[in-house]
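Computed from a prediction, not measured in an experiment: that's the story for all the values here. Order of the sequence lines sets the chain letters (A, B, ...), proteins ahead of strands, with each chain counted from 1.
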Amino acid sequence: MKIATWNINSVRLRLDNLARLIDAANPDIICLQETKVVDELFPRADIEALGYPHQAIRGMKSYNGVAILSRLPMTENGGRDWCGKPDCRHTGVALAGGIELHNFYVPAGGDEPDPTVNDKFAHKLSFLDEMTEWCQERRDPSAKRILVGDLNIAPLETDVWSHKQLRKVVSHTEIEIERLAGLQQAGRWIDAVRHLIPTDEKIYSWWSYRAKDWRAADRGRRLDHIWISEELVPALRSVEILKDGRGWPQPSDHAPVIASFDI
DNA sequence: ATGGTGGCTTTGCCA
């Protein structure tokens with residue numbers, strides 16, 4: 001079973017690139033963030049034609065929005081509002097074999113990394129706190145769970161192009177990294193990508209649109225993650241960040257992140 | 001220190 005997570009930055013604008021992802025990687029399940037479309041206008045039929053008839057979608061106008069697209073049967077199971085806001089940042093499904101899959105789009109947090117002056121940063125921290133509580137309530141060491149998404153935090157020094165230059169930049173500040181670590185601990189999550197790629201290797205999943213030449217500058221950050229419960233670690237076979245995706249025509253600023261399992 | 005680009009739209013707001 002192959003699972004991809006990708007912040008597509010408008011699903012309607014990038015159906016061609018979704019087809020490119022399918023050609024390149026042929027995932028069984030694709031988790032999207034920033035679909036930016038209400039459910040009634042979601043391109044269900046086009047995506048079914050691409051081979052993904054099972055779709056769990058949760059979208060709104062213009063902003064945010066998540067979707068789980070699957071070749072395999074699944075049932076919606078989870079997906080809720082967070083921080084009292086109906087802003088479509090989470091959907092969850094149950095897959096065959098009792099596997100739970102959750103897809104998150106964590107708030108980006110604005111520019112100023114100070115919750116007392118920046119409401120967006122305060123929202124980001126509250127969102128992580130609520131996720132942490134949610135994980136604590138659902139402790140079950142034997143559960144088979146996968147959590148993916150754009151978590152908008154690059155935790156390790158090697159998850160950013162320059163730890164020194166980004167330590168005060170939202171996505172790589174100490175307070176965010178601590179909260180993310182707390183969340184990871186509360187859910188006993190294993191970072192699948194870092195489980196297979198050594199921590200001294202720099203890897204990114206996002207490159208800003210604002211660079212003249214994103215590939216040459218290579219000022220990336222690893223904001224997109226695949227986490228798994230201990231029970232699934234023996235089944236984990238490979239991980240990949242599809243950097244090519246950042247170079248497709250009219251690209252998203254994120255590249256797909258992919259994990260394969262022997263399931 | 002600043003501004004750079006992109007998507008959707010509320011030609012400003014969000015990333």
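For the pair A:Ser62 and A:Ala211, nearest-nucleotide mapping onto DNA chain B gives the more 5' position to A:Ala211.
A search for side chain to side chain contact (heavy atoms under 4.5 Å, CB included) contacts involving A:Arg145 returns A:Glu100, A:Arg138, A:Asp140, A:Ala143, A:Trp189, A:Ser229, not counting sequence neighbours. Residues passing the ring pair (Phe, Tyr, Trp, His ring centres under 6.0 Å) test with A:His195: none are found, sequence neighbours excluded. Remark: A:His90 engages A:Trp82, A:His102, A:Phe104, A:Trp134 in a ring pair (Phe, Tyr, Trp, His ring centres under 6.0 Å) (not counting sequence neighbours).
The CZ atom of A:Arg215 sits 20 Å away from the P atom of B:dT5 (whole-angstrom rounding). Rounded to an integer number of Å, the gap from CH2 of A:Trp207 to P of B:dG6 is 17 Å. Rounded to an integer number of Å, the gap from A:Lys168 NZ to B:dA1 P is 12 Å. Atom NZ in A:Lys212 sits roughly 13 Å away from atom P in B:dG6 (whole-Å rounding). In this entry the distance linking CG of A:Leu13 with P of B:dG6 reads 12 Å, nearest Å. In this structure, A:Gln165 places its CD atom 13 Å from C1' of B:dA1, rounding to the nearest Å.
Through direct or indirect side-chain contacts shorter than 4.5 Å among Ile, Leu, Val, Met, Phe, Trp and Tyr, A:Trp161 is connected to A:Val160, A:Leu166, A:Val169, A:Tyr204, A:Trp207, A:Trp214.
Ion pairing between A:Asp213 and A:Arg215 fails under the 4.0 Å rule for side-chain N and carboxylate O. Salt bridge annotation for A:Glu130-A:Arg80: present, with a cationic side-chain nitrogen under 4.0 angstrom from a carboxylate oxygen.
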Please list, for nucleotides 12-15 of chain B, all pairs of protein and nucleotide N/O atoms separated by less than 3.5 Å.
from: B:dC14; atom 1: OP2; to: A:Lys120; atom 2: NZ; distance (Å): 3.4
from: B:dA15; atom 1: N6; to: A:Arg210; atom 2: NH2; distance (Å): 2.5
from: B:dA15; atom 1: N1; to: A:Arg210; atom 2: NH2; distance (Å): 3.0

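Annotation: B:dG7 and B:dG3 have their P atoms spaced 22 Å apart (nearest Å). For the P atoms, the distance linking B:dA15 with B:dT9 amounts to 16 Å, nearest Å. Distance noted for atom P between B:dA1 and B:dT5: 22 Å (whole Å). Nucleotides B:dG6 and B:dT11, compared at atom C1', are 15 Å apart to the nearest Å.
Considering only side-chain N and O atoms, A:Ser208 lies nowhere under 4.0 angstrom from the phosphate OP1 or OP2 of B:dT5. For A:Arg12 and B:dC8, the shortest distance from a side-chain N or O to OP1 or OP2 is not below 4.0 Å.
Residue A:Lys61 is in sugar-phosphate contact alone, with no base atom involved, counting any heavy-atom pair closer than 4.0 Å across all strands shown. When heavy atoms are screened at a 4.0 angstrom cut-off, A:Arg14 is found touching the sugar-phosphate backbone but no base atom.
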Output a table of donor-acceptor pairs, distance under 3.5 Å, between side-chain atoms of residues 18-31 of chain A and any protein atom two or more places apart or on a different chain; print 'none' if there are none.
from: A:Arg20; atom 1: NH1; to: A:Asn17; atom 2: OD1; distance (Å): 2.7
from: A:Asn26; atom 1: OD1; to: A:Arg71; atom 2: NH2; distance (Å): 2.7
from: A:Asp28; atom 1: OD2; to: A:Lys2; atom 2: N; distance (Å): 2.8

